[in-house]
Protein chains: 2
Amino acid sequence: MTISFASSQLSEHDHKKCVSAALDTAEHICIIRGVQLTPIRHKVLELIWESHKAVKAYDLLDRLKLIMEAAKPATIYRALDFLIEQGLIHRVESLNAFIGCSCSDHQHEQLLLICNRCHEVEERSAVKVMEVLAHEIEQANFILHSKAIEIHGICSKCDAQAGNKN
Amino acid sequence: MTISFASSQLSEHDHKKCVSAALDTAEHICIIRGVQLTPIRHKVLELIWESHKAVKAYDLLDRLKLIMEAAKPATIYRALDFLIEQGLIHRVESLNAFIGCSCSDHQHEQLLLICNRCHEVEERSAVKVMEVLAHEIEQANFILHSKAIEIHGICSKCDAQAGNKN
DNA sequence: CTACCATACGTAATACTATAACGTTTCATC
DNA sequence: GATGAAACGTTATAGTATTACGTATGGTAG
């Protein structure tokens, strides 16, 4: 018999590779920068990478508690703060949630394509958009600290699925 | 003698005109659309327009209570929901706060330039950015529902002020 | 060695943000 | 004057995040 997984939209990719790549990169970056990817931080990053969906802090907390009874909100938020500082995760402002950053070693501040159906979040570099945006910001004499570009809608996979059903 | 105001960054503009223009536009739009700009909704919109800073829901609530003891969170959130639906205000996702929309009759989904010092928020149409962004989204086969582009940094006024002090 | 300091973490309390659920009022319409 | 929809009143609760203070650990200057 064959076993079919209750699969994510990105099921056809090898997610274990995503996770291990992300964790390897994180470890590497932290060593280079001389910052500590402590066991808690490492675990939280791993939990975030369990899927490509944005995760809520308290969901992370519940999952962390399974292996660490003493975990409290501060435990999670401290880890999240660290991971964000190091650019290893993104905060999705419009969801109050977090996703792994798949561009840790490249430029940051990407486009986030957030699917309202499957809730997966795709990062896109969108170099041209950033260029034009940078120009616009300059025109406004605005000194950039950070930017969040969050696009909500339906991803191509969900759209295709909906199409199949009709 | 002359009186100098404890002024906002935009003090040199006539803010009363901003407010009355916004309220007039809102009334107009609501009549056209056959929706009710009730006294509560009108007052909340007016409170939001007291400045060009993003306002928190509970700050609005406190201010609303001054003239309406019975106001409760739901009172505010219902008014905010209505105003957002009608495109009369924006929610600033990265601040959990709200600002008046100064483009109610034009296209929506603008750029928000959020000053981390004076906390004022400037809306910019940035047609070119939107064009390039739309193209990028199309390339991703993503079906757009809504977008939020929030830029944090220091506005030109605050930057100039800092410059003066040095 | 040990006193000191910085970093990370433990823990409890609390603040802040938002929604759910259900009842009441109002007003237009039949 | 019964009906239904929209707005609002009211209470409770859910969900998100921070503060404050105490403890443990490890590196380093004296």
Side-chain angles (χ1 to χ4, degrees), chain A residues 26-27 29-31 33-48 53-86 88-99 119 148 150, chain B residues 26-27 29-31 33-48 53-86 88-99 119 148 150:
Chain A
E27 287 161 18
I29 286 178
C30 288
I31 289 170
R33 295 184 185 161
V35 294
Q36 300 178 52
L37 189 61
T38 63
I40 291 177
R41 290 164 177 179
H42 190 277
K43 186 66 198 178
V44 170
L45 183 58
E46 199 184 326
L47 288 173
I48 289 173
K53 301 186 203 308
V55 203
K56 300 267 182 181
Y58 275 71
D59 289 345
L60 284 173
L61 179 54
D62 288 342
R63 292 202 260 150
L64 188 58
K65 275 180 179 165
L66 296 178
I67 59 162
M68 188 185 156
E69 264 184 63
K72 299 278 187 315
T75 314
I76 284 291
Y77 282 105
R78 280 171 184 152
L80 291 171
D81 285 347
F82 171 85
L83 295 170
I84 289 169
E85 263 170 33
Q86 298 303 322
L88 300 172
I89 63 173
H90 292 294
R91 183 186 160 81
V92 185
E93 304 289 356
S94 55
L95 297 177
N96 293 335
F98 306 85
I99 55 164
H119 302 113
E150 303 186 0
Chain B
E27 288 161 17
I29 285 178
C30 288
I31 289 170
R33 295 184 186 161
V35 294
Q36 299 179 51
L37 190 61
T38 63
I40 291 177
R41 290 165 177 178
H42 190 277
K43 186 66 198 176
V44 170
L45 184 58
E46 199 183 326
L47 288 173
I48 289 174
K53 301 186 204 307
V55 203
K56 299 267 182 180
Y58 275 70
D59 289 343
L60 285 173
L61 179 54
D62 288 341
R63 292 202 260 152
L64 187 59
K65 275 180 179 165
L66 296 178
I67 60 165
M68 187 184 156
E69 265 184 64
K72 299 278 188 312
T75 315
I76 285 290
Y77 281 105
R78 280 170 184 154
L80 291 171
D81 285 347
F82 171 85
L83 295 169
I84 289 169
E85 264 170 33
Q86 298 303 322
L88 300 171
I89 63 172
H90 292 294
R91 183 185 159 81
V92 186
E93 305 289 357
S94 54
L95 297 176
N96 292 334
F98 305 85
I99 55 164
H119 302 114
E150 303 187 0

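This structure is a prediction, so every number in the text was calculated from the model and none was measured. Here is the naming used below: chain letters follow the sequence lines, and residue numbers restart at 1 for every chain.
Going from atom CZ of Arg41(A) over to atom P of dT7(C) covers 11 Å, rounded to whole Å. Computed from coordinates, the Asn96(B) CG to dA17(D) P distance equals 7 Å when rounded to whole Å. Rounded to a whole Å, the CD1 atom of Ile40(A) is 11 Å from the P atom of dA8(C). For the pair Leu61(B) CG and dG9(D) P, the interatomic distance rounds to 12 Å; values are reported in whole Å. With rounding to whole Å, Leu95(B) atom CG is found 15 Å from dA17(D) atom C1'. Between Asp81(A) atom CG and dT18(D) atom P the separation is 7 Å, expressed in whole Å. Look at CD1 on Ile76(A): it is 18 Å from C1' on dT19(D), rounded to the nearest Å. Rounded to an integer number of Å, the gap from Phe82(A) CZ to dA8(C) P is 7 Å.
Under 4.0 angstrom from either OP1 or OP2 of dC16(C) there lies no side-chain N or O belonging to Lys56(B).
Of all nucleotides listed (dA6(D), dA18(C), dG9(D)), dG9(D) comes nearest to the side chain of Met68(B). Of all nucleotides listed (dA8(C), dA7(D), dT11(C)), dA8(C) comes nearest to the side chain of Gln36(A). Side-chain proximity of Arg91(B) to the nucleotides dC9(C), dA18(C), dT17(C) is greatest for dA18(C). When distances run from any side-chain atom of Pro73(A) to the nucleotides dC9(C), dA17(D), dG9(D), the shortest one goes to dA17(D). Relative to the side chain of Ala57(A), the nucleotides dA17(D), dT11(C), dC9(C) differ in distance, and dA17(D) lies closest.
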Name the pairs: protein N/O against N/O of nucleotides 21-30 of chain C, kept only if under 3.5 Å.
unit_1, atom_1, unit_2, atom_2, d
dA21(C), N6, Arg78(B), NH2, 3.3

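The aromatic ring of Tyr77(B) does not sit over the base of dT19(C), since the test of centres under 5.5 Å and planes under 30° is not met. dT17(C) has Tyr58(B) stacked on its base ring, the centres lying under 5.5 angstrom apart and the planes within 30 degrees of parallel.
Contact annotation: the side chain of Lys43(B) never approaches that of Thr38(B) to less than 4.5 Å [non-hydrogen atoms, C-beta and beyond]. Between Val44(B) and Phe82(B) there is no side-chain heavy-atom pair separated by less than 4.5 Å. Between Tyr58(A) and Ile76(A), every side-chain heavy-atom pair lies at or beyond the 4.5 Å cut-off. The side-chain heavy atoms of Ile29(A) and Val35(A), taken from C-beta on, include no pair separated by under 4.5 Å. With contacts defined as side-chain heavy-atom distances shorter than 4.5 Å, the pair Lys72(B)/Leu61(B) does not qualify.
In this structure a side-chain-to-backbone donor-acceptor pair under 3.5 Å is present from Glu150(B) to Ser94(B).
Both Val35(B) and Lys72(B) sit near DNA chain D, but only Val35(B) has its closest nucleotide nearer the 5' end.
Side-chain contact, Arg33(A) with Gln86(A): a donor N or O sits under 3.5 Å from an acceptor N or O.
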